[in-house]
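Below is one structure; the comments refer to it alone.
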Amino acid sequence: MNPYRQLPSVDKMLEQPATAAALAHFGRDAVLSAIRQLLEESRAAIAAGEDAPDLAELSERLQSRLAAGAQPSIRPLLNATGVIIHTNLGRAPLSQAALQAMHSVGQGYSNLEYDLAEGRRGSRYSHAEALLCELTGAEAALVVNNNAAALMLLLRGVAAGREVVISRGELVEIGGGFRIPDILRQSGARLVEVGTTNRTRVADYAAALSSDTAALLKVHPSNFAMIGFTAAATLAELVQLVQETWYFDTISVLNDLGSGALLDTQPFGLAHEPTVQESVQAGAAATTFSGDKLLGGPQAGIIVGQRDLIAELKQEPLARALRVDKGTLAALQATLLAYRRGQAVAEIPVWQMIGAEAEALARRAQTWADQLIAAGLAVTLRPGESAVGGGSLPGQTLPTTLLALATPHPDRVAAALRGGDPPVVARIEADTLLFDPRTLLPGQDAALLRAITQAIS
Ligand SMILES: *Cc1c(COP(=O)(O)O)cnc(C)c1O
């Protein structure tokens with residue numbers, strides 16, 4: 001029999017008893033559209049040589065499709081990977097203060113662009129600016145949608161139609177197709193490459209300066225490290241070079257920091273990640289960084305720098321296109337206030353995770369192991385490494401204790417974990433599933449253990 005003829009009609013599907021309930025619950029349009037999609041997919045499957053699904057199977061698929069369609073597709077999950085700033089998993093979890101700020105500003109009206117003292121229109125840019133200046137030592141600040149946007153706006157404002165000098169060692173790709181040379185081109189600036197991949201000296205920049213030079217750009221190599229025979233000019237050296245050049249007042253030294261740490265990473269046993277304060281101190285005309293990397297706040301791109309330069313950027317039409325939402329500003333301010341109180345490590349999840357003590361992680365993993373072994377699972381503990389991630393501190397790790405689950409089908413178990421509610425994302429190494437306590441938030445332990453037990457059974 002022709003397999004296409006075995007497929008039920010839309011009407012036949014509508015007549016199924018379960019469909020009646022679905023109609024009442026999800027509405028006729030959603031049900032009809034899901035039925036048509038299913039039938040179309042079935043025809044495509046038949047064309048590819050598969051059997052026609054029967055009515056019962058189609059009914060069941062219809063129900064699960066409708067249920068899934070009624071849920072938001074973006075949802076919370078448990079990050080057991082041990083990568084703290086995981087770009088695929090939403091980067092920085094927000095602090096309680098940031099969440100509260102978003103909630104209270106989001107549920108009603110706010111003075112986003114309203115000057116309460118004067119009773120007239122204000123500027124959304126005013127909200128985080130004073131705090132950013134206080135924390136970084138900069139004269140002025142501007143917040144846009146993300147750091148890629150910040151860099152684009154900065155280059156357009158400073159260098160459109162003119163030259164930007166950059167080391168060949170810093171023409172990097174950050175990820176997700178974000179490449180520095182492309183951003184430069186899109187901003188309308190002309191790229192002038194100097195030095196070599198592994199070594200660039202101040203003299204290389206000096207030789208490239210001309211009356212057409214608008215800026216020297218330094219880009220922090222966030223996600224890779226070069227070892228061996230390497231050299232790079234420091235920011236301070238570039239600032240000095242520009243000051244010694246007779247047409248210096250037309251050349252800006254710009255610094256794209258990427259992760260934008262406000263705290264020193266060394267006390268946590270990590271290498272030094274350049275801080276925003278150091279960049280400002282060294283004399284960068286503008287420094288750009290992300291809000292959701294080491295700052296530990298919402299997605300945002302922050303530009304701090306000289307007053308005149310920032311004032312010009314605010315006037316760029318592009319700034320309007322890249323502007324941030326009230327929720328972002330509220331969360332960013334709340335996050336920055338934790339730094340101002342000296343409570344960043346205590347309150348901001350990214351720093352809590354970086355600062356988690358090895359003994360505390362070992363105890364937490366031991367508790368997991370005890371409970372899973374009691375439930376009959378074969379798990380062990382082993383020393384391992386967590387990563388900061390998010391384009392910061394490449395190759396640097398923090399010691400941790402991993403829960404290891406050996407299984408003949410690690411991919412299948414990992415898929416079951418991802419398909420659970422909440423989904424769990426773990427690491428697989430040499431046929432072993434690994435769970436790192438460092439990136440599990442407080443209070444997520446029971447849900448993790450339940451998910452592991454279910455995925456195994
Ligand atoms: C991450 C990063 C960016 C991009 O920042 P987003 O906030 O993701 O847009 C740009 N430059 C550097 C050096 C980075 O590390």
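Atoms within each ligand, like the ligands themselves, are counted from 1 in listed order.
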query = Taking atom CZ of Arg179 as the centre, does the number of heavy atoms from other residues, nucleotides or ligands within less than 6.0 Å exceed 12?
reply = no
key: Heavy atom of the protein closest to atom 9 (O) of ligand 1 (residue, atom name, distance)   = Ala148 N, 2.8 Å
request  = Could you tell me whether Asn147 approaches ligand 1 through its side chain, its backbone, both or neither, with non-hydrogen atoms closer than 4.0 Å?
outcome  = both
task = Might you work through the side chain to side chain donor-acceptor pair (under 3.5 Å) test for Thr230 and Asn198, ending with a clear yes or no?
result = CA-CA 5 Å; Thr230 64; Asn198 57 328; over 6 Å; no
key: Sidechain N-carboxylate O distance under 4.0 Å for Glu347, Arg341   = yes
message = As an exercise, identify every atom of ligand 1 less than 4.0 angstrom from a heavy atom of Arg91.
response = 6 (P), 7 (O), 8 (O)
Residue His220 vicinity, atoms of ligand 1 by number, heavy atom under 4.0 Å = 13 (C)
ask   = Is Gln266 atom CD crowded by more than 12 heavy atoms from other residues, nucleotides or ligands, each under 6.0 Å away?
value = yes
message = Using salt bridge (Lys or Arg N to Asp or Glu O under 4.0 Å), reason through Glu134 and Arg340 one step at a time and then give a plain yes or no.
response = CA-CA 9 Å; Glu134 186 184 326; Arg340 190 168 184 258; 2.8 Å; yes
task = May I ask whether Lys293 places a heavy atom under 4.0 Å from ligand 1?
result = yes
ask   = Short list, please: which atoms of ligand 1 are under 4.0 Å from a heavy atom of Ser290?
value = 5 (O), 6 (P), 7 (O)
message = Between Asp204 and Arg199 (salt bridge meaning N to carboxylate O under 4.0 Å), is one present in this structure?
response = no
ask   = Would Glu173 count as a contact of ligand 1 if the rule is a heavy atom under 4.0 Å away?
value = no
task = First locate atom CE of Met152, then atom CD of Gln186, and finally report the distance between them rounded to the nearest 0.5 Å.
result = 4.5 Å
inquiry  = Students should be able to answer this: which protein heavy-atom is nearest to atom 11 (N) of ligand 1, and at what distance?
reply    = Asp256 OD2, 2.6 Å
task = Note the single closest protein heavy atom to atom 15 (O) of ligand 1, along with its residue, its atom name and the distance in Å.
result = Ser222 OG, 2.5 Å
